[in-house]
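The figures here come from the full heavy-atom set of this structure, side chains too, leaving out hydrogens, waters and symmetry mates.
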2 protein chains.
Amino acid sequence: MKRVKKKIFHDYIARQGLKSTRQRDIILEAFLSSDRHLSIEELYLKLRVKHPNIGYATVYRTLKLFAESGIAREMQFGDGQTRYDHVGEGEHHDHLVCTGCGAIIEFENETIETLQNEVAAAHGFLIKTHKLELYGLCARCRG
Amino acid sequence: MKRVKKKIFHDYIARQGLKSTRQRDIILEAFLSSDRHLSIEELYLKLRVKHPNIGYATVYRTLKLFAESGIAREMQFGDGQTRYDHVGEGEHHDHLVCTGCGAIIEFENETIETLQNEVAAAHGFLIKTHKLELYGLCARCRG
DNA sequence: GCGCATCATGAAAGTGATTTTCACTAACAT
DNA sequence: ATGTTAGTGAAAATCACTTTCATGATGCGC
């Protein structure tokens, strides 16, 4: 899984005529082995422990590159920070966001996806991506 | 329709012990007679033509107030700006966002809403709100 | 109507999260 | 090994709000 994503990223880098660097590999490894939905700052802080020399800007630029290469997805959950989600081959999931504790739970629902495509078709739209977030209280927070 | 929303807002203002001001009325009128999904800046610029004395901060605070009163809804479409959507009585709609020309089209789909509730229930979640956006190219932009 | 406790406003300063700049390095094709 | 081009890190600049503060309205009580 990690291996596959590393390959996808490296292929992308090569295809775009970009360079493979030590920093990118370190950041990629850290990203792949971290929680989903990490913000730039969270990843930066995590990296800083072992690699205090890697700058915030590099993490920022590399994460953007991950998104471009298709192994990550930029997300906004209304907390003012952009988060980067992992993206699997052809996989897509949506989120349940707990407004109480901030927990983010993933789910997939084929039927909803199908309906979305129908809606799009009815409007002549060609869907590229979508975003579905359900905000509320998780089982633990709804006392 | 406009009348109803004005009343809702004024009632809210009164209930909260706030004051009715000339600026709020001007901004409310401009908001109600403008496109849906306006950003603070867009509304501010629009207002500035006839009311150059109204400050950005006032538009910002008033829009927040609209959202609190229930006649507007804050939205984020990934373009870095918060937009304010009109909200009708009990109504809810989702969006198709064209990444080509920026057009935003609204739609409603009862079945999807039902499925969302089922997903939430399956996870013990209590849904408060949701956000569903389909990004792609509109009929005009998919050449 | 008038006083005045509050709330509101506008200009400007402050914030927080990126995003860009720039001088310096590192990759990699030759 | 070297030249060309992309990458890096620190710091400065942006951007989109958000708050502060001195000044100006509101509107209830008399």
Side-chain angles (χ1 to χ4, degrees), chain A residues 9-31 37-69 72-84 102, chain B residues 9-31 37-69 72-84 102:
Chain A
F9 181 63
H10 285 131
D11 286 353
Y12 178 78
I13 287 292
R15 197 162 57 252
Q16 301 294 310
L18 304 178
K19 290 167 182 172
S20 172
T21 68
R22 200 169 46 76
Q23 287 89 334
R24 284 178 179 167
D25 286 341
I26 292 171
I27 297 172
L28 178 57
E29 175 59 34
F31 174 68
H37 322 118
L38 231 59
S39 67
I40 300 174
E41 174 147 43
E42 286 167 350
L43 186 52
Y44 168 66
L45 291 177
K46 178 177 171 178
L47 279 162
R48 214 171 51 170
V49 179
K50 287 194 173 267
H51 306 280
N53 49 314
I54 291 183
Y56 182 96
T58 299
V59 176
Y60 158 78
R61 289 182 286 228
T62 305
L63 243 15
K64 273 237 174 315
L65 216 45
F66 290 170
E68 283 170 32
S69 77
R73 177 166 59 136
E74 293 189 346
M75 315 233 54
Q76 307 257 166
F77 296 110
D79 65 345
Q81 288 195 205
T82 297
R83 290 170 183 285
Y84 286 80
Chain B
F9 180 62
H10 285 131
D11 285 355
Y12 177 78
I13 287 292
R15 196 162 58 252
Q16 301 293 311
L18 303 178
K19 288 167 183 171
S20 172
T21 68
R22 199 168 47 76
Q23 287 89 332
R24 283 177 180 167
D25 286 340
I26 292 171
I27 297 172
L28 177 56
E29 175 59 34
F31 175 67
H37 322 116
L38 232 58
S39 68
I40 300 173
E41 175 147 43
E42 286 167 349
L43 186 52
Y44 168 65
L45 291 177
K46 178 177 172 177
L47 279 163
R48 215 172 50 169
V49 179
K50 286 195 174 267
H51 307 280
N53 49 316
I54 291 182
Y56 181 96
T58 300
V59 177
Y60 157 78
R61 287 183 287 229
T62 305
L63 243 14
K64 274 233 173 317
L65 218 44
F66 290 169
E68 284 170 30
S69 76
R73 177 167 59 136
E74 293 188 346
M75 315 232 55
Q76 307 256 164
F77 295 109
D79 65 346
Q81 288 194 207
T82 297
R83 289 169 183 285
Y84 287 80

For a quick test of reading the model: is some side-chain N or O of [X] closer than 4.0 Å to OP1 or OP2 of [N]?
X      : N       : result
T21(B) : dC7(C)  : no
T82(B) : dC17(D) : yes
Y60(A) : dT18(C) : no
R24(B) : dT9(C)  : yes
S39(A) : dA17(C) : no
Q23(B) : dG10(C) : yes

(request) Please state how far atom CD1 in I27(A) lies from atom C1' in dG7(D), giving the value in whole angstrom units. (result) 11 Å
(request) Answer whether the closest heavy-atom distance between the side chains of T82(A) and M75(A) falls below 4.5 Å. (result)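 They are not in contact (no side-chain heavy atoms under 4.5 Å apart), so the answer is no.
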(request) Would you mind reporting whether R48(B) and L45(B) have side-chain heavy atoms less than 4.5 Å apart? (result)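 Answer yes - side chains close enough.
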Would you list the atom pairs, donor with acceptor, under 3.5 Å between side chains in residues 51-69 of chain B and any protein atom, with sequence neighbours excluded?
unit_1	atom_1	unit_2	atom_2	d
R61(B)	NE	A57(B)	O	3.4
T62(B)	OG1	T58(B)	O	2.6
K64(B)	NZ	E74(B)	OE2	2.8
E68(B)	OE1	Y12(B)	OH	2.9
S69(B)	OG	F66(B)	O	2.8

(request) Work out which heavy atom in H37(A) is nearest to a heavy atom in R83(A); give both atom names and the distance. (result) O-NH1, 2.9 Å
Please produce a list of atom pairs where a protein N or O lies less than 3.5 Å from an N or O of nucleotides 14-16 of chain C.
none

(message) Working to the nearest 0.5 angstrom, can you tell me the gap between I27(B) CD1 and E29(B) CD?
(response) 12.0 Å
(message) Reading DNA chain C from 5' onward, which residue's closest nucleotide shows up sooner: P52(B) or Q76(A)?
(response)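 Going by which nucleotide is closer to the 5' end, it is P52(B).
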(message) Just to be sure I understand the geometry, which residues of residues 12-20 of chain A put a non-hydrogen atom under 4.0 Å away from DNA chain D?
(response)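 Per residue number, the list reads G17(A), L18(A), K19(A).
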(message) By nearest heavy atom, map Y56(A) and L65(A) onto DNA chain D; which one lands nearer the 5' end?
(response) L65(A)
(message) For a quick check, tell me whether the side chain of R61(B) and the base of dT20(D) share a donor-acceptor pair closer than 3.5 Å.
(response) yes
